[in-house]
K.L.:
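One structure coming up, written as structure tokens, with questions to follow.
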There are 2 protein chains.
Amino acid sequence: MEAELLKKCTDAGIRITAQRALIIETLIVSDDHPDADLVYRRAVERDQSISLPTVYRTLNLLEDAGIIKKINMNDGKARFEPVRKDHDHLIDADNGHIHEFQNQELKKILDSIANEMGYEVIDHRIEIVGRKRGESNCDCIQIKVY
Amino acid sequence: MEAELLKKCTDAGIRITAQRALIIETLIVSDDHPDADLVYRRAVERDQSISLPTVYRTLNLLEDAGIIKKINMNDGKARFEPVRKDHDHLIDADNGHIHEFQNQELKKILDSIANEMGYEVIDHRIEIVGRKRGESNCDCIQIKVY
DNA sequence: GTAGATGCAAATCTTTTGCTCGCCC
DNA sequence: GGGCGAGCAAAAGATTTGCATCTAC
């Protein structure tokens with residue numbers, strides 16, 4: 001996995017430095033969806049000298065090259081993940097946990113929608129916000145009304 | 001439309017002030033998807049005395065009440081629109097134009113996906129990034145590779 | 001050797017907050 | 001009248017940038 005990503009980088013003309021390799025490895029090891037600051041905090045544990053601006057610069061670089069993907073939780077921070085098999089996210093409204101899923105039917109629908117509008121799909125962002133069935137949301141203090 | 005939104009506000013216990021009414025009207029008049037600063041700049045044309053913090057406070061208030069919706073273009077700024085009929089967005093990759101669409105089939109799929117995972121859908125965010133068919137993307141300078 | 005990358009510090013941009021004054025009900 | 005809202009200024013948080021130094025190729 002890591003070698004694969006590093007190859008993608010060199011193929012894209014991205015120079016591999018110690019910092020970039022560490023950031024890439026950090027992303028691979030992370031099975032959640034860290035924001036830039038969290039990537040930095042995880043990376044700095046392994047290399048004290050890495051800096052936050054470098055993390056930002058590297059994440060932007062990798063995103064522009066299509067090697068990682070920026071995802072958005074509407075929490076004001078950009079989060080990142082390596083581009084893997086196509087998948088989308090279901091976010092648990094109560095605890096913020098992120099579940100991943102894949103659905104071919106969904107992709108077909110997107111294609112046909114875009115097609116009807118005269119477009120072809122080149123990317124998409126899909127997030128389902130959901131609540132576990134069976135858990136009532138009325139017996140607890142709830143600020144936001146969905 | 002405006003009276004309708006104002007009613008939603010009073011129903012939600014939101015006091016209607018001159019500033020809030022102006023912000024709501026600004027949102028209704030806007031057929032694009034303005035960010036907070038743009039809402040502010042549009043509103044200030046009509047009332048010199050309105051302030052940016054008030055715009056932010058009002059937008060958050062309206063969003064928490066479910067009267068407007070925050071949408072995200074991955075450009076680092078939150079954008080807003082009144083909650084209208086359910087719809088999603090297709091973003092033109094070349095010029096950033098936002099098209100809206102509705103598709104029942106899509107909603108059914110989301111329901112069944114969530115259902116399979118033991119969840120029920122309480123919200124969703126869907127954006128298709130597309131390119132107009134027939135327009136080549138190879139004959140022009142292109143920085144981002146999608 | 002040289003173009004490009006890094007670290008540091010500071011700037012920038014978006015959004016939020018403390019406080020005082022003013023206005024809606 | 002009293003509480004809630006507004007404006008101002010400043011803080012806070014996320015992200016970017018200028019510049020001198022260092023490094024991958």
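Chain identifiers are assigned alphabetically (A, B, ...) following the order of the sequence lines, protein sequences preceding nucleic acid strands; residue numbering begins at 1 within each chain.
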K.L.:
Whole Å only: how far is the CD1 atom of I14(A) from the C1' atom of dC25(D)?
P.N.:
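Distance check: I14(A) CD1 to dC25(D) C1' gives 15 Å.
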K.L.:
Whole-Å distance between dA14(D) P and F80(A) CZ?
P.N.:
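So the CZ-P distance, F80(A) to dA14(D), works out to 13 Å.
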K.L.:
It should be established whether R20(B) places a side-chain nitrogen or oxygen under 4.0 Å from OP1 or OP2 of nucleotide dG5(D).
P.N.:
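So the side-chain polar atoms of R20(B) do come within 4.0 Å of the phosphate oxygens OP1 or OP2 of dG5(D), strictly under.
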K.L.:
State, with a plain yes or no, whether a side-chain heavy atom of R41(B) is found less than 4.5 Å away from one of L38(B).
P.N.:
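R41(B) vs L38(B): side chains touch.
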K.L.:
How long is the line joining CG of L61(B) and C1' of dT15(C), in whole Å?
P.N.:
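Whole-Å distance recorded here is 16 Å.
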K.L.:
Taking CD from E63(A) and P from dT15(D), how many angstroms apart are they, rounded to a whole number?
P.N.:
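Distance check: E63(A) CD to dT15(D) P gives 12 Å.
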K.L.:
Can you tell me how far P of dT15(D) sits from CG of N72(A), to the nearest Å?
P.N.:
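Going from CG in N72(A) over to P in dT15(D) covers 10 Å.
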K.L.:
Where the side chain of R57(B) is concerned, which of dT17(C), dT14(C), dT16(D) is the nearest nucleotide?
P.N.:
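The answer is dT17(C).
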K.L.:
From the list dG5(D), dT15(C), dT17(C), which nucleotide is the closest neighbour of the side chain of A36(B)?
P.N.:
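Nucleotide nearest to A36(B)'s side chain: dT15(C).
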K.L.:
Is there a side-chain contact between D32(A) and I98(A) in this structure, where contact means two heavy atoms from C-beta onward sitting under 4.5 Å apart?
P.N.:
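When only atoms from C-beta onward are counted, I98(A) and D32(A) do not touch, as no gap falls below 4.5 Å.
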K.L.:
Is D123(B) salt-bridged to K69(B), cutoff N-O under 4.0 Å?
P.N.:
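Salt bridge between D123(B) and K69(B), a charged N being under 4.0 Å from a carboxylate O: yes.
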K.L.:
If you assign each of I50(A) and R15(B) to its closest nucleotide in DNA chain C, which residue comes earlier from the 5' end?
P.N.:
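So the residue in question is I50(A).
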K.L.:
Could you give the angle between the helix axes at the two ends of the helix from dG1(C)-dC25(D) to dC25(C)-dG1(D), with five pairs per end, rounded to 10 degrees?
P.N.:
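If I round to tens, the end axes sit 40° apart.
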K.L.:
Look up atom CD in Q102(B) and atom CG in D88(B), then write down how far apart they are to the nearest 0.5 Å.
P.N.:
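CG of D88(B) is found 9.0 Å from CD of Q102(B).
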K.L.:
Between Y56(B) and dT15(C), does any side-chain N or O lie under 4.0 Å from OP1 or OP2?
P.N.:
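Checking Y56(B) against dT15(C): at least one side-chain N or O falls below 4.0 Å of OP1 or OP2.
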K.L.:
Does one side chain, of E127(A) or H89(A), offer a donor that lies under 3.5 Å from an acceptor on the other?
P.N.:
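Side-chain D/A pair, E127(A) to H89(A): absent.
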K.L.:
Check every strand shown and say whether L52(B) touches a base, only sugar-phosphate, or nothing at a heavy-atom separation below 4.0 Å.
P.N.:
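It contacts base atoms.
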K.L.:
What I'd like to find out is whether the side chain of L110(A) reaches to under 4.5 Å of the side chain of L106(B), using heavy atoms alone.
P.N.:
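Of all side-chain heavy-atom pairs linking L106(B) with L110(A), at least one is under 4.5 Å.
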K.L.:
Taking 4.0 Å as the cut-off, does a side-chain nitrogen or oxygen of N60(B) come that near to OP1 or OP2 on dT16(C)?
P.N.:
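For N60(B), the contact criterion (side-chain N or O under 4.0 Å from OP1 or OP2 of dT16(C)) is met.
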K.L.:
Are D92(A) and K132(A) close enough that some pair of their side-chain heavy atoms sits under 4.5 Å apart?
P.N.:
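Yes, their side chains come closer than 4.5 Å.
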K.L.:
I16(A) has an atom CD1; how far is it from atom P of dG4(C), in whole Å?
P.N.:
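That distance rounds to 16 Å.
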K.L.:
Taking 4.0 Å as the cut-off, does a side-chain nitrogen or oxygen of Q19(A) come that near to OP1 or OP2 on dG7(C)?
P.N.:
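Affirmative; the distance criterion is met.
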K.L.:
May I ask you to say what A18(A) touches in the nucleic acid, namely base, sugar-phosphate or nothing, with a heavy-atom cut-off under 4.0 Å?
P.N.:
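No contact.
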K.L.:
May I ask you to verify if any side-chain N or O of T17(A) is less than 4.0 angstrom from the OP1 or OP2 atom of dG4(C)?
P.N.:
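No, because none of the side-chain N or O atoms of T17(A) sits under 4.0 Å from OP1 or OP2 of dG4(C).
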K.L.:
Could you state the CG-P distance from D47(A) to dC22(D), rounded to the nearest angstrom?
P.N.:
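Rounded to whole Å, this separation is 16 Å.
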K.L.:
Find the distance L22(A):CG to dT6(C):P and express it as a whole number of Å.
P.N.:
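Taking atom P of dT6(C) as the reference, CG of L22(A) is at 11 Å.
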